Amino acid sequence: MATLVQAVRMALHYGETYLGVTDILGEDVGPPLGGVFTATQGLATAWNTPLDERGIIGAAMGIAYAGGRPVAEIQFCDYGFNTIDLLKIAGNQRWAGAGNYELPLVVMTPSGSGIRGSLYHSHSFESWASRLAGWKIVMPSNALDAYGLMLSAILDPNPVLVLLPKALLRVHGEQLIPGEPADQEYLKQLIDAPLGDRSNWQPRWPDLDEYLVPIGQANRVREGTAATVVSYGRTLPLCVQAADALAAAHGLTFDVIDLRSIFPYDWSALSQSVLKTGRVLLVNEDTEVTNFGEHLLRRVIDEHFYELEVRPRVLQGRHLPGIGLHQTYERNSVPQLAHIQATLQALATEEA
Amino acid sequence: MATLVQAVRMALHYGETYLGVTDILGEDVGPPLGGVFTATQGLATAWNTPLDERGIIGAAMGIAYAGGRPVAEIQFCDYGFNTIDLLKIAGNQRWAGAGNYELPLVVMTPSGSGIRGSLYHSHSFESWASRLAGWKIVMPSNALDAYGLMLSAILDPNPVLVLLPKALLRVHGEQLIPGEPADQEYLKQLIDAPLGDRSNWQPRWPDLDEYLVPIGQANRVREGTAATVVSYGRTLPLCVQAADALAAAHGLTFDVIDLRSIFPYDWSALSQSVLKTGRVLLVNEDTEVTNFGEHLLRRVIDEHFYELEVRPRVLQGRHLPGIGLHQTYERNSVPQLAHIQATLQALATEEA
Amino acid sequence: MTTVAEVHSGKEALSAEQCLAIHRVMVRARAMEERMIQMSKSGEGYFWIGGPGEEAFNTCLGLHIKKGCGPDYDFLHLHYRNAATLLAMQLPMLDAVRQAALRVTDPHSMGRNFVGHYALRQYNIVPVSSPVETQYAIAPGTAIVQKRHGGDGVTVVVGGDAGSSEGDFATCMIWSTRPGQELPVLMIVMNNQWGISTPMRSQHSERHIVDRGEAFGIPAETVDGNDPIASWHALRRAFQWCRRKRHPFMLEASVSRLHGHSSSSGAVRVRDEPDCIALFEGKLQSAGLLAQDAIDDAWEGAREEAAAAVEQALREPEPAAGDVYRHTYAPSGVDAVYPDDYTGLPE
Amino acid sequence: MTTVAEVHSGKEALSAEQCLAIHRVMVRARAMEERMIQMSKSGEGYFWIGGPGEEAFNTCLGLHIKKGCGPDYDFLHLHYRNAATLLAMQLPMLDAVRQAALRVTDPHSMGRNFVGHYALRQYNIVPVSSPVETQYAIAPGTAIVQKRHGGDGVTVVVGGDAGSSEGDFATCMIWSTRPGQELPVLMIVMNNQWGISTPMRSQHSERHIVDRGEAFGIPAETVDGNDPIASWHALRRAFQWCRRKRHPFMLEASVSRLHGHSSSSGAVRVRDEPDCIALFEGKLQSAGLLAQDAIDDAWEGAREEAAAAVEQALREPEPAAGDVYRHTYAPSGVDAVYPDDYTGLPE
Ligand SMILES: Cc1ncc(C[n+]2csc(CCOP(=O)(O)OP(=O)(O)O)c2C)c(N)n1
Ligand SMILES: Cc1ncc(C[n+]2csc(CCOP(=O)(O)OP(=O)(O)O)c2C)c(N)n1
Ligand SMILES: [Mg+2]
Ligand SMILES: [Mg+2]
């Protein structure tokens, strides 16, 4: 099965072949490198930009205004903080401009911790991004979703931010992308650029099919009754692991919801599950002061306060200036499996 | 009594005279204008910068590194979104740099709606700012607090962001600033620059005294039992009005807490009041997805879920790309007195 | 009176017909701005910002625009003083006035944005946004599409002198001169010597702002923006370069700021800066092209047009509470929550 | 062997003693970097980024620094390839290695930041931060204080060629040349022709990056950064200008990138770029200043020093869970919640 980053690459290939993508632009996204995470290797419309994030977002906006369909990459979300004014304009231009323009702009960027990235390759971006009204924000946790969300992002005529969980980029999917060859070594031969000289290399793309994950649609990846756990990105598989471990050890079963879309989020999936279980844990690794998980909690309180059996829980990253390089810092800054499992167990077993 | 903006000006004068402020810098802060809101008229160390917010924050950081004590103004917080990477660096440099440097930097900026500012003179900034670990964020709602918080901001050796509620800048205080003449017309003559030619004008500063509002200390401005309401900035006086109206009409009394510090916030004041009343309303006008009020709610849920008598409430601005110029937009985008009063009444009268 | 075939300014000349056409737009623009200033004070409108003092250059700019929708035509990334440009492009005064009057019929912003914040997809006018200079970061994008598309469409980007301090000005130069990827971007700086209250000369050491293009090999001109004939020709050369060479060009126009920065600073008429309309009328009169009564007629007509537009706009509906969310999102077939537009938090 | 008094490079020369001192620092820096690359592969460290190929220039830079704390001394706003500069300033190799080894004893970052991300208040080295070019926006601030303070302290800011695309590079030029407020800023561009995988020439049309200073009246030089003698003199002139004139100067050094961008791209030794140390050793040998065995000794000594530093660092403690919050805040007498340091969410 493809890795998450291969899935992104195949989606971009599908996008430039069938969905009108005109430009895949960013620092080092063109040949020879094809992106620091290989997400853009071998793509026909990928080109290198100057080292200027403001220029990247600005140019992509201009391309979209003029009828192109750009996918812009910010090399690491950590380097996007000088563009927030432009992201705001991208998000408000249609509203401010009385609906004159559509802005079919996709921005993709690796987000989150887990690659020992020190301060500036470990940032989470979803809480910041969720504040950008006019944008849609998605974050896959597996290869197939990455493919399906990327295609939807491309098709959507509004600005869509695709956050790619750094820690999961090299994780292989468990489901085939439609058209993907079953043999992952073979896929690698087809679409991964070789080490060394690449000047004569051409990718051989598999014959891919359209597969859409609608924006705003969560995925219930485990079903259960003891409690609801909602997550996305790096912490999603940890939640699954924790739920599976608790099922095996204690027979506790959980609704595990992969949110996939940060905004719009799938309130009805979340709401229905909470109504069923009466218990909820929200997990993400972004910093804990003014965190998107706290928004979800607010919705839960607003609408289901009286249906909750026990105190709802939120697990988030600590309010810290950064994530330090030494593993001790990282392990004590963002939720780990053990934290999630302990919290989930306490949530499920607390007396109502 | 001084207006809020006069209080800021007097604090800056006190700061440059007694507390070592070396530079008050920003667009149009120097003579002849002294700031688009007059906050920096007549100050000895105020100077005009190029129209470059990144340069303003960057230069202020450099000044602070080199031992100066700068107060930088961003003309409107709406124009600070291209500096968030620099604000992040200001917030993380000490942590990342193993405590090598202090960074005694004050940034002040008008924030919030209420002056019919259309999209780009109506933004709130506190939810964004609260995510900047390493910073302290304060927001006064009256002249005396503005004076006291500004002096604390100047004295604190860490970066402090002072958010000035645009809507309240011209509101006169109810308490005298120590050293302020009682006659507000006289004060005006002393420290407000005249209209027209100002080339020979010099302010005559009253003999001011130090007055500190500690960072992280809230102010309970009304005491009561029916519920707790927590706010700051423009919506704080509205909460007071609503509480007073409900007291007069229905005999309902409220703890009204002026948070004053966004971060660190005064958790103990909030917590004690919630434990007393069992009912809480959090009010601010920033947009409602991933809002600082939702963080406060999360703390309430984390620590007092089982002590709550009824569902806690949050009133915030709508998740919108901007606040439109026409009053209909503004009135329907951010909490108004009527919303606050109705919510407060419902909160206080809901059966437990 | 005698008529002449053309009017001279230095070594350059423009046909009488063209001069009269330019004059007419300039007067209409001024009359409209003056009426809008009044609106901002009378309560018919609210805030005012605009371009009195920039009419000569901005009118000529509008007359050079290849007007239309899509990459075959020019793209405009304007700032908030370009009213004359829109009038020169034959856009109705009424639409600008609707914005000043905060009407829901305002085609640029539905009464949401300040006056002068245009947005018209039909004519490639991308939304004017208040944060100064961001348009310079966006402009290369439309030019990338134009260059690739072929044809002679140009991307025009306009900003002030003070705004050139923002990094986005440099971004535009760099992105427009990538080797082999040069872009047809016409970078215009309207130098009125002020950023609100701050004199340009107190902050900038460049002799001309457009001198900064030299290191990037961008040809540049400076022009007296109070002189429509000089402006016309400078723009003609600049557009020609961009249209044919498909490379960038920089143009700096010195202009006046006749009503101060905006209504926030009172919008009072200043007396110590040249008025491009008075100057041009003097020239046209000396050339025997325009008699005083024709001038008076032009002004009267323009003022009537402005008054009628205001009257009309004020009869039109204001935004309603239900309009608050409109046009947040374009309809999307792949969005399960907002297939049409934003409707409040997800349900 | 015979000894000469000085070594020539073109028309310039440097004393034998100075050359040997420079050579020694260059070799120590290279040996340290090579050992750190090994650490990044062996698990003794983790990520590596650094300056092999920049030793000639960076050593000379360090030797020109007026070293100390506060505005009387030079301020350094560096990027992540300045190891040789720190060694030239006589800072111990051990401290750099501690950072590479992620030790809590790392004085620059307590094992938090990548190697090469220095911070030393004692020597006016402001914290190196990963986002490229932000140092150019910050640098004018230290120079403002220096200029006002008097004396001859200079603000030095260093970045790469690709990074000059960020607007902050322009910010630095503008803020350093405000009329009457010119600042003693030495802007250094280390031009290795690459930004990660992207050739400079594919994105930039400027003949020299420092040509951009001309419009602001900033004098500039370009220099062969592989030549320590040329670099020495270029730096001497640049510092002299800044120290005495209290105005900015720009210096662009062409340098090599001998181990690629970082350990992320493998950090393998490239063979097609000049090696400043080999070149300098050749020159010193031809001048009869350095015999092969002296060279060998220098390398051996440097490698031993690096090995000892690594051994020492690895014996030192790693960060503990309790260190996570340390040094978030400086102690404050006016903070009711965090009088000392951050301790977690307010209680
Ligand atoms: C990024 C940003 N910062 C600050 C402002 C506030 N502001 C509006 S106009 C202006 C001055 C602009 O001067 P200039 O660029 O010369 O244009 P002019 O108004 O003179 O035409 C300022 C500071 C803004 N709109 N955007
Ligand atoms: C703002 C920002 N964007 C992207 C990066 C990722 N990045 C690290 S180094 C680098 C290339 C820098 O090239 P250059 O400025 O020439 O310096 P060099 O590494 O060649 O010395 C990039 C893109 C970053 N650190 N900061
Ligand atoms: Mg101007
Ligand atoms: Mg480089």
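Residue numbering restarts at 1 for every chain, and letters A, B, ... go by the order of the sequence lines. This structure is a prediction, so every number in the text was calculated from the model and none was measured.
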(message) Any non-hydrogen side-chain atom of C:Leu61 less than 4.5 Å from a side-chain atom of C:Asn82?
(response)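 Of all side-chain heavy-atom pairs linking C:Asn82 with C:Leu61, at least one is under 4.5 Å.
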(request) Considering only heavy atoms and a distance below 4.5 Å, find which of C:Glu214, C:Arg178, C:His208, C:Glu166 pairs most often with chain D. (result) C:Arg178
(message) If we define contacts as heavy-atom pairs under 4.5 Å, which of C:Pro179, C:Ser165, C:Gly167 has the most with chain D?
(response) C:Pro179
(request) Determine yes or no for a side-chain-to-main-chain donor-acceptor pair under 3.5 angstrom, with C:Asp74 supplying the side chain and C:Val154 the backbone. (result) yes
(message) Could you check whether any side-chain N or O of C:Arg201 sits under 3.5 Å from a backbone N or O of C:His204, counting only pairs where one atom can act as donor and the other as acceptor?
(response) yes
(message) Counting heavy-atom pairs closer than 4.5 Å to chain C, which one of D:Ile209, D:Val210, D:Thr177, D:Asp211 comes out on top?
(response)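 Answer, by heavy-atom pair count under 4.5 Å with chain C: D:Thr177.
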(request) Output the option from D:Ser202, D:Gly217, D:Ala170 having the highest count of non-hydrogen pairs under 4.5 Å with chain C. (result)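 Most heavy-atom pairs under 4.5 Å with chain C: D:Ser202.
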(request) Taking only Lys NZ, Arg NE, NH1 and NH2, and the carboxylate oxygens of Asp or Glu, determine whether D:Arg237 and D:Glu12 approach each other closer than 4.0 Å. (result)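 A salt bridge is present here (some side-chain N lies under 4.0 Å from a carboxylate O).
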